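Everything numeric here is computed off the predicted structure, so don't read it as measured data.
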Amino acid sequence: MPSYRAPLRDHRFVLNELLNVQQYNNIEGFSEATPDIIDAVLEEGGKFCENVLYPLNKVGDRQGCKLKSDGEVEVPEGFADAYTQFTEGGWTAISGDPKYGGQGLPEYVGLAMGEMITSSNMAFGMYPGLTGGAARALHAGGTDEQKELYLPKMITGEWSGTMNLTEPHCGTDLGMLRTKAVPNGDGSYAITGQKIWISAGEHPMSKNIVHLVLARIEGAPEGVKGISLFVVPKFLPDENGAPGERNDLQCGGLEEKMGIHGNATCVMNYDGAKGWLVGEEHKGLKIMFIMMNEARLGVGLQGMALAETAYQYSVDFARDRLQGRSLTGPKNPDGPADPIIVHPDVRRMLLDQKAFVEGARALTLWTALQGDLEQKHPDEEVREKAADYMALLTPIIKSYLTEKGYDSVSQGLQVHGGSGFTAEWGVEQTLRDARITLIYEGTNGIQALDLVGRKLAMKGMRPINTFFAELDAFVAENQGSGDLEPFVKGLAETKAKLQKATSWLVEKGLENFDNAGAASSEYLNLFGLTCFAYMWAKMAKVSLAKLEEGSSDPIYESKMKTGRYFLARWLPQADMHLARIEAGAEPLMALEAEAF
């Protein structure tokens, strides 16, 4: 039967050896994150995920959420108790601001914990996950009074939070939203409108739900320049800050979804609900983007985390499933057949999964570290570089990790054969759960357009040029380094193709904007592949150094063999992506709309 094991050894490898996060322990905000503290947090967190959350994963999928006649939502059996344990254990507060009750550990610690939560029970993890994003948006844009009222309760998980953007007639194009806000004359606003696809919009697990709602104040400019952000609690806080009178909002329905059944995805109706402006009038989208960008990174993490779960399922199944004989002679001569892990094509699928998961984990934690450096490093140049990287890499993390993560889960189902198509083995649920990651928080096509249309040109192309310079420096430093040379060469060649594609986009995209649109997804995938080439080169460098020191830890030899597979079987995709980019828009746009 399927099971989940927290990948603690690989977390230690990435954090302590690849990223060497201890080098920052003299900086405020990092000093508490010593190796023993990180180990203790992740080890206990891993146990919670394995023993509490994972057993509820299938329960949540089968039972789902139910809307009761009074508008309240019933969550799957065991979720409420798990949520209580989760909040009492302090897991919501890992990276929260200590001023408001958080533990103040770096984001990369919270991200590693978030991976395990998602791997073990994605639907459950979305309840506290969205709360964290809402809290950060309030932290960045709220008044002191709003922060004091909401943040201590949200960081501890006593209150939860949501983001309300989408409406029935508009998704990505938020400039079309119709939800309106009318001043009440006492500093509050009456919020009226309908929002859809609101994850964790209604549930009984927290004492209050704090909705962050985008709306348009009467008389506001059209389009995105007229959007404001409001904090709209389910229960209006009384004079003591406790949940008081019920606000005029209600869950009007639950979406019947393909996956993540254990999370309540709600239609939210606001009927003159009382809300308070967050930040300035008409500038709410800027604050909401704080939560949206964090959510995009979180969704990329979901793509990797579910691929980890599927990989574990696949390896266990491939070791146990007896089918056929090895092409080079029996490997299980005393049994009726060999385990399918001996077959080259099964190994291809397993190695695709392994190469993706380990490369993605390194990239997500490296990116999380950039976020910490942006916020906490005392050197302005370091903060500036980290901010550039966060802006540049967010669409890549969201899109590349979800697309390749879904492919990885699909490979896992294929390893299982017919068993994978049944509910018993768990991987079909994982595949259904993973499919949403390519869609929400901005579809992957939108992320590609954001990368090509905005992120490349920002600040005079400084972020991407800085990234190219970092890759060039790594190549120059490590050329001719024996067994590392294939990784260095692979990185250099892939980066050169990405740079050629960038130059093509700068020239041809300005000639015809359709060229940029037609190339955008392939460009993002080439960029993601280049990021993986960098991560695998860095992991190989660390592993070779440990092997040269005489380490017998099997992780290092495993990294080298998996990395060589990545070089041989993944990097050739760079030529395909470049060829498709340079094909331009004509093959996509030639067929008349009526001919489809």
Side-chain angles (χ1 to χ4, degrees), residues 3-54 85-98 101-121 125 128-129 132 155 157 298 301 304-305 308-309 311-312 354 357-373 375-376 535 538-539 541-543 545-547 549 551-559:
S3 63
Y4 169 73
R5 299 171 299 279
L8 299 176
R9 179 64 185 94
D10 207 48
H11 282 140
R12 294 188 187 103
F13 171 84
V14 175
L15 292 174
N16 298 333
E17 300 175 64
L18 180 68
L19 302 182
N20 186 24
V21 294
Q22 285 73 46
Q23 67 183 296
Y24 304 109
N25 281 358
N26 61 334
I27 298 173
E28 185 179 358
F30 288 88
S31 56
E32 296 298 322
T34 59
D36 57 329
I37 292 294
I38 294 175
D39 271 357
V41 169
L42 296 185
E43 187 170 335
E44 288 303 310
K47 291 177 183 176
F48 185 85
C49 292
E50 293 170 354
N51 300 323
V52 178
L53 297 186
Y54 180 73
Q85 293 181 56
F86 191 81
T87 56
E88 290 178 350
W91 299 114
T92 60
I94 288 177
S95 301
D97 187 341
Q103 297 172 26
L105 290 173
E107 289 294 335
Y108 57 74
V109 181
L111 191 82
M113 180 63 188
E115 177 202 324
M116 295 187 292
I117 294 168
T118 300
S119 290
S120 58
N121 195 327
I155 286 174
L301 178 72
M304 180 268 285
E308 167 68 34
T309 306
Y311 172 64
Q312 291 189 24
K354 184 174 175 62
V357 167
E358 293 181 11
R361 180 175 293 118
L363 181 59
T364 52
L365 289 171
W366 182 77
T367 305
L369 174 60
Q370 305 308 311
D372 284 315
L373 295 175
Q375 297 297 322
K376 300 170 183 175
M535 292 299 108
K538 289 168 72 71
M539 287 191 283
K541 182 176 182 178
V542 171
S543 299
K546 291 294 185 179
L547 290 170
E549 292 172 4
S551 174
S552 59
D553 190 328
I555 193 173
Y556 304 117
E557 193 62 48
S558 174
K559 291 288 181 188

Tell me if a side-chain donor or acceptor on Ser120 pairs with a main-chain N or O of Glu50 at a distance below 3.5 Å. no
When rounded to the nearest 0.5 Å, the distance separating CD of Gln103 from CD1 of Ile155 is 10.5 Å
Might you point out which heavy atoms bring Thr34 and Asn25 nearest each other, and give the distance in Å? CA-ND2, 4.0 Å
Determine, step by step, whether Leu8 and Glu43 satisfy the side-chain contact (heavy atoms from CB on, under 4.5 Å) criterion, reporting the C-alpha distance in whole Å, the side-chain angles of both residues, the deciding distance to 0.1 Å, and the verdict. CA-CA 7 Å; Leu8 299 176; Glu43 187 170 335; 4.2 Å; yes
Minimum heavy-atom distance between Thr364 and Leu301, given as atom pair plus value: OG1-CD1, 4.5 Å
Candidates Lys541, Lys559, Arg12, Arg9 - the one meeting salt bridge (Lys or Arg N to Asp or Glu O under 4.0 Å) with Glu17: Arg9
Hey, does the side chain of Ser558 reach the backbone of Pro554 with a donor-acceptor pair shorter than 3.5 angstrom? no
Is it the case that atom CD in Glu28 sees more than 12 heavy atoms from other parts of the structure closer than 6.0 Å? no
Apply side-chain contact (heavy atoms from CB on, under 4.5 Å) to residues Ile117 and Phe86 and explain how you reach the verdict. CA-CA 10 Å; Ile117 294 168; Phe86 191 81; 3.5 Å; yes
Show the nearest heavy-atom pair for residues Leu105 and Val41, with the distance to one decimal. CD1-CG2, 4.1 Å
Rounded to the nearest 0.5 Å, how far apart are NZ of Lys546 and CZ of Phe13? 9.5 Å
Taking the side chain as C-beta and beyond, is there a heavy-atom pair between His11 and Met116 under 4.5 Å? yes
How far does CE of Met113 sit from SG of Cys49, to the nearest 0.5 angstrom? 4.0 Å
Measuring from Leu18:CG to Leu365:CG, what's the distance to the nearest 0.5 Å? 9.0 Å
Is there a donor-acceptor contact under 3.5 Å linking the side chains of Asp553 and Ser551? no
side-chain contact (heavy atoms from CB on, under 4.5 Å) between Leu369 and Tyr24: does it pass, once the steps are laid out? CA-CA 10 Å; Leu369 174 60; Tyr24 304 109; 3.9 Å; yes
Of all heavy-atom pairs linking Ser95 and Pro106, the shortest is OG-O, 3.1 Å
Go through Val21 and Phe30 one step at a time and tell me if the side-chain contact (heavy atoms from CB on, under 4.5 Å) criterion holds. CA-CA 9 Å; Val21 294; Phe30 288 88; 5.9 Å; no
Non-hydrogen side-chain atoms of Leu15 and Leu42 separated by less than 4.5 Å: yes
For the student: nearest non-hydrogen atoms of Gly157 and Thr92, plus distance: N-OG1, 3.5 Å
Got a salt bridge between Glu44 and Lys47, using NZ or NE/NH1/NH2 to carboxylate O under 4.0 Å? yes
Distance, nearest 0.5 Å, that separates CE of Met304 from OG of Ser119: 7.0 Å
Between Pro7 and Glu308, which heavy-atom pair has the shortest distance, and what is it? CB-OE2, 4.1 Å
So, the side chain of Asp10 versus the backbone of Glu358: is there a donor-acceptor pair under 3.5 Å, distance only? no
With rounding to the nearest 0.5 Å, note down the distance linking OH in Tyr4 to OG1 in Thr309. 6.0 Å
